[in-house]
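This chain uses plain numbering: 1 for the first residue, then up along the sequence.
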Amino acid sequence: MIRAGALTTVQDLGRIGFAHLGVPRSGALDQPAHRLANRLVGNPPEAATLETTLTGTAVRVRRTTVAAVVGAPCPVRVAGRPVAWGAAIRVPAGAVLEIGPATAGLRTYVALAGGVAVEPVLGSRSTDLLSGLGPPPLADGDLLPLGEPTGPTPPGADVHRRSGPPTELVLPLVLGPRQDWFTAAARNSLGAAHYTVASASNRIGLRTDGPALTWARTDELPSEGMVLGAVQVPPDGRPVLFLADHPVTGGYPVIGVVPEDHLAAAAQATPGTPVRFTPTGH
C-alpha cells in the first residue's frame with residue numbers, strides 16, 4: 001500500500017447470518033460496483049476488493065495482474081500513465097496503480113485478479129468499523145496478499161453500464177411497526193420533507209439534516225436488532241439510515257426500512273445531496 005488515502009478498507013459481500021449475535025453484515029456499501037469490479041477481472045462476486053473513500057488510494061503490485069476500478073468515477077493511472085476507469089487493465093509487476101480522488105460520488109472499488117486474500121473472520125474478509133472485526137483500515141506501507149486468479153474476464157463484462165452517483169437521493173420507505181411512536185403530523189409530513197445528507201455520515205449510517213420528526217412518546221425502547229436499511233430516528237428527530245456496519249438500535253424507534261436495492265445509491269451520496277423519503281405501507 002503506497003497511499004491509503006482518507007479511508008481504504010477490504011470489503012467483500014459481508015458476514016451473512018450473524019445478526020442474532022449482534023454482528024452486522026458489513027461488506028461493500030455499493031455492492032453492484034463491487035460485483036462489477038470483480039467480474040471485470042474474472043473474480044467470483046465473493047472475492048474481496050478495496051473500498052476507497054473520496055480521496056482514492058495507490059498500490060504497488062508485486063506480480064503482473066489484472067485490475068479494475070469501478071464505483072465513484074475517478075482518474076486512474078498505471079506507472080504514471082492514464083488508463084481506463086470501469087474496465088479491465090493490466091498492471092505490470094512492480095508498477096503503481098493510482099486511484100485519484102472521486103470526481104463524483106464517494107466510494108470507489110478496486111478489484112485485483114485473485115482478490116485480496118486476508119484471513120477471513122466469521123466467513124468474511126470485510127472490515128467492520130463499528131465492531132472491529134476483520135482487518136483494520138489500511139495504512140501506508142501495509143502488505144496485502146492476493147489470491148490465485150480464477151479465470152478470464154467473462155464476455156460482455158466490460159459493456160455493463162451503471163448510473164452515476166445521485167444528484168438527489170429518493171428513498172422508498174416501508175413503514176414499520178414503530179410508526180406509532182411518531183405524531184400524526186410527523187408521519188404525514190415525512191413524504192414532503194426535504195433533507196440533505198449530513199457530513200457526519202459514514203459506513204455505519206447515512207445521517208440527515210432537515211426538519212425533525214416529533215416523537216409521540218417520551219420513553220425509550222429496549223435495544224432491538226435491525227435489518228440493513230432501517231431508518232432510526234434519534235431524539236433530535238433527524239432520520240439515520242442504517243448502512244452495512246450498523247449496530248442494534250440505541251433505544252430509539254425505527255420508523256421504517258429502505259429496501260436494499262436502493263442502498264447502493266445511498267453509499268455514493270455526498271454530504272449536501274438532497275434526500276427525500278417516499279413512505280409506503282408495505
- So, E51 side chain and Q11 main chain: donor-acceptor pair closer than 3.5 Å or not? no

- Query: With a 4.0 Å cut-off, would you call D219 and R217 a salt bridge?
  - Reply: yes

- Message: Taking the side chain as everything from C-beta on, heavy atoms only, tell me whether V254 gets closer than 4.5 Å to M226.
- Response: yes

- Hey, does T49 have a side-chain heavy atom less than 4.5 Å from the side chain of V116? no

- Under a 4.5 Å cut-off applied to non-hydrogen side-chain atoms, are Y109 and N38 in contact? no

- Query: Hey, does the side chain of T53 reach the backbone of R107 with a donor-acceptor pair shorter than 3.5 angstrom?
  - Reply: no

- Which atom of R203 lies closest to which atom of L29, heavy atoms considered: NH1-CG, 3.4 Å

- Derivation of the side-chain contact (heavy atoms from CB on, under 4.5 Å) call for R81 and V78: CA-CA 5 Å; R81 304 184 64 174; V78 171; 5.9 Å; no

- Do the side chains of V41 and T65 get nearer than 4.5 Å, heavy atoms only? no

- With no hydrogens and no angle check, is any side-chain donor or acceptor of H34 less than 3.5 Å from a backbone partner on P45? yes

- Message: So, taking the atom named CD1 in I2 and the one named CG in D140, what distance separates them when rounded to the nearest 0.5 Å?
- Response: 8.5 Å

- Message: Do L138 and V118 land in one hydrophobic cluster if side-chain heavy atoms of ILVMFWY residues count as linked below 4.5 Å?
- Response: yes

- Taking the side chain from T8 and the backbone from G5, do they hold a donor-acceptor pair closer than 3.5 Å? no

- Message: Would the distance check show the side chain of N188 and the main-chain N or O of A184 forming a donor-acceptor pair, the cut-off being under 3.5 Å?
- Response: yes

- For A265 and P166 the tightest heavy-atom approach is O-CG, 3.5 Å

- Message: Can you tell me how far apart CZ (R276) and CG (L169) are? Round to the nearest 0.5 Å.
- Response: 10.0 Å

- Query: Counting distance only, does the side-chain N/O of Y252 pair as donor-acceptor with the main-chain N or O of P235 below 3.5 Å?
  - Reply: no

- Item | Lys/Arg N to Asp/Glu carboxylate O, E98 vs R3, below 4.0 Å | no

- Task: Using a 4.5 Å cut-off on heavy atoms from C-beta on, say whether the side chain of L129 contacts that of P137.
- Result: yes

- Partner of S126 under side chain to side chain donor-acceptor pair (under 3.5 Å), picked from D245, D12, T9, is D12

- Item | Main-chain N/O of G42 paired to T150 side chain as donor or acceptor, under 3.5 Å | yes

- Query: Can you tell if the side chain of V23 reaches within under 4.5 Å of the side chain of L133, non-hydrogen atoms only?
  - Reply: yes

- Message: Counting C-beta onward and ignoring hydrogens, is there a side-chain heavy-atom pair between L54 and P101 closer than 4.5 Å?
- Response: no

- Task: Could you grab the distance from atom CE of M1 to atom OG1 of T57, nearest 0.5 Å is fine?
- Result: 4.0 Å

- Any side-chain heavy atom of L97 sitting closer than 4.5 Å to one from V61? no

- Message: I need the minimum non-hydrogen distance between F182 and P253, along with the two atoms involved.
- Response: CZ-CG, 3.7 Å

- Message: Between V257 and V227, is the side-chain contact (heavy atoms from CB on, under 4.5 Å) condition met? List the steps.
- Response: CA-CA 8 Å; V257 175; V227 298; 3.9 Å; yes

- Query: Above 12 or not: heavy atoms from other molecules or residues under 6.0 Å from CZ of R207?
  - Reply: no

- Taking a hydrophobic cluster as the set of Ile, Leu, Val, Met, Phe, Trp and Tyr residues connected by side-chain heavy atoms closer than 4.5 Å, whether directly or through intermediates, do V240 and L190 fall within one such cluster? no

- Item | Minimum heavy-atom distance between F18 and L122, given as atom pair plus value | CE1-O, 3.4 Å

- Note on the structure: In short, T208 meets P239 closest at the heavy-atom pair OG1-O, 2.7 Å

- Candidate pair F277 and V231, rule side-chain contact (heavy atoms from CB on, under 4.5 Å), full reasoning: CA-CA 10 Å; F277 295 100; V231 176; 4.3 Å; yes

- Task: Would you give the length of the straight line joining atom OG1 of T52 to atom CG of L7, rounded to the nearest 0.5 angstrom?
- Result: 9.0 Å

- Query: Taking D128 for the side chain and S26 for the main chain, is one N or O donor matched with an acceptor at less than 3.5 Å?
  - Reply: no

- Query: Counting distance only, does the side-chain N/O of T127 pair as donor-acceptor with the main-chain N or O of P135 below 3.5 Å?
  - Reply: yes

- Exercise: identify the closest heavy-atom pair between A212 and R238: CB-NH1, 4.0 Å

- Working for side-chain contact (heavy atoms from CB on, under 4.5 Å), residues V121 and R15: CA-CA 8 Å; V121 177; R15 296 180 177 84; 3.9 Å; yes

- State plainly whether the residues R25 and E260 are in salt-bridge range, i.e. N to O under 4.0 Å. yes

- Message: I need the L206 CG to L263 CG distance, nearest 0.5 Å.
- Response: 9.5 Å

- Side chain of T273, backbone of T167: donor and acceptor closer than 3.5 Å? no

- Message: I'd like to know if E224 pairs up with R178 as an ion pair, taking the criterion as any Lys NZ or Arg NE/NH1/NH2 lying under 4.0 Å from an Asp or Glu carboxylate oxygen.
- Response: yes

